[in-house]
Amino acid sequence: MLFRVNPLSSEPIFEQLAHQIRVSILRGDLKPGEKLPAARTLAAALDVNLHTVLHAYQILRDEEHIELRRGRGAIVTAHSEVTPREVTAALNALVRAANEANLTQQTVLALVKEAMK
Amino acid sequence: MTAQAKLARTPQFWAYSTIIPLIVLAAGSLLPLLWKSELPALLPTHWGTNGPDQFGSLWGLILPMLLIGALTIVALAVFITQLNRETFTQRVTIVTNNFLAFMMGSVPAVTAFKARGMTDATDMSDPIALSLLFGLVGIAVGALFAYLLPKQENASAHATPSDAAPRVLLTDTEAGVWVSREYSKVGVWIGILAAALTSSLAIATKNPAMLILPALLIVGVTVLNVWDVRIDGSGVTTSALVKFVKRHVPLTEIEEATVVEVRALKQYGGYGIRTGFDGSIGMILRSGEALMLQLSDNRKFLITMKDSETAAGLVNTLVERSRTQA
């Protein structure tokens with residue numbers, strides 16, 4: 001699996017990692033039962049602190065996307081559902097419309113949050 | 001002859017891969033001659049589930065193992081490195097030949113040792129468990145020699161990836177890495193099946209020492225069928241579950257990464273760490289898609305893996321980035 005981090009971004013690295021893995025799970029690229037790399041291995045490859053990777057994994061565990069098991073590592077849970085196609089299609093349509101209206105990401109997120117209340 | 005002709009088979013290679021293993025094989029095979037006076041006229045040369053089922057003279061025990069072993073060791077050392085001379089290949093050959101020498105050489109020695117003082121060797125147990133243990137010693141000795149073999153310097157790559165080769169988009173400030181574990185499900189299952197079969201053989205022959213067979217099979221299969229792949233700023237690293245079994249290719253030696261289709265039997269003659277008939281080195285877990293690295297000095301390295309297009313894209317992007325920075 002490909003991992004990218006931008007050390008200069010305002011978004012902390014652990015959030016960038018959590019986001020990428022979360023999206024992979026939601027897209028179905030990472031399937032239930034699949035194992036994420038060992039935190040130590042990923043941290044060494046990315047040249048970041050071990051705890052940065054662990055923090056990302058803990059966020060995903062709290063969201064119930066992965067399970068952290070002693071000796072077995074981080075495993076994608078069976079609860080993780082792939083985003084339904086209709087949602088992805090609606091999402092792409094929303095992004096297209098928002099871009100045409102020149103809305104910022106913050107605005108769109110605020111609108112979505114409000115609509116889901 | 002490709003540029004690989006420059007890579008030499010040094011005296012050290014011949015010593016570690018051929019001369020020393022031949023000496024070990026000869027020592028083990030000829031050791032029974034020391035005990036000639038204590039041995040029965042007929043010695044077991046083959047075992048079934050009920051004990052020995054074929055017998056022969058002392059030379060009938062010694063000669064086949066000595067000749068077949070010597071032929072195999074020499075043939076492997078010569079022919080594998082005729083295809084590919086890289087240090088990695090030489091090291092794999094060294095470990096293989098020492099394993100063979102210790103394992104095969106121990107069979108006559110162990111059989112004769114057990115037969116000392118016997119008038120009748122019809123009830124002797126199968127030496128295979130002990131010879132496999134000796135084989136393990138051979139692997140350890142081979143690993144030491146492989147470690148001692150000096151690494152040949154490879155030229156730096158000057159070419160850069162072609163425009164058509166895959167890329168992964170990384171912004172100027174982004175770092176990209178690839179981490180994956182590749183394994184052959186079929187290979188692992190075959191290993192488990194073979195371990196189960198040989199375990200039942202151990203039970204059938206009522207010889208608990210035979211359990212070393214399935215134990216070795218499980219270890220061997222997992223070492224050869226599970227590979228961790230890592231791509232980062234230092235290059236491409238593939239390592240087995242046993243971490244010191246690994247191959248690292250620095251970015252400076254990579255010209256281009258592409259995706260290819262691999263036919264395991266047709267192009268590599270099988271599975272595992274192989275030299276291809278085209279002189280390439282491959283980590284061949286299965287037929288199908290593979291990451292191919294075109295390296296300096298006309299060398300090629302392939303790894304069968306999933307999503308090899310993304311992996312190749314990352315390699316090319318990192319190679320380009322490192323060349324422009326240099």
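- Only the side chain of B/T310 comes within contact range of chain A, with at least one heavy atom under 4.5 Å from a heavy atom of that chain.
- More than 12 heavy-atom neighbours from other residues, nucleotides or ligands sit within 6.0 angstrom of CG on B/L265.
- Looking at A/T41, A/L46, A/L2 one by one, the single match for side-chain contact (heavy atoms from CB on, under 4.5 Å) with B/V179 turns out to be A/T41.
- Within 6.0 Å of the CZ atom in A/R40, the count of heavy atoms belonging to other residues, nucleotides or ligands does not exceed 12.
- Atom NE2 of B/H248 has more than 12 neighbouring heavy atoms from other residues, nucleotides or ligands inside a 6.0 Å radius.
- Heavy atoms closer than 4.5 Å to chain B are found in both the backbone and the side chain of A/A44.
- Counting non-hydrogen atoms of neighbouring residues, nucleotides and ligands closer than 6.0 angstrom, the CD atom of A/E11 exceeds 12 such neighbours.
- A side-chain contact (heavy atoms from CB on, under 4.5 Å) with A/R4 holds for exactly one of B/T171, B/V177, B/V168; it is B/V168.
- In this structure, CD on A/Q16 lies 7.5 Å from CD on B/E174, to the nearest 0.5 angstrom.
- Interatomic distance, B/S180 OG to A/L36 CG, rounded to the nearest 0.5 Å: 12.5 Å.
- Heavy-atom contacts from other residues, nucleotides or ligands closer than 6.0 Å to NZ of B/K306 number 12 or fewer.
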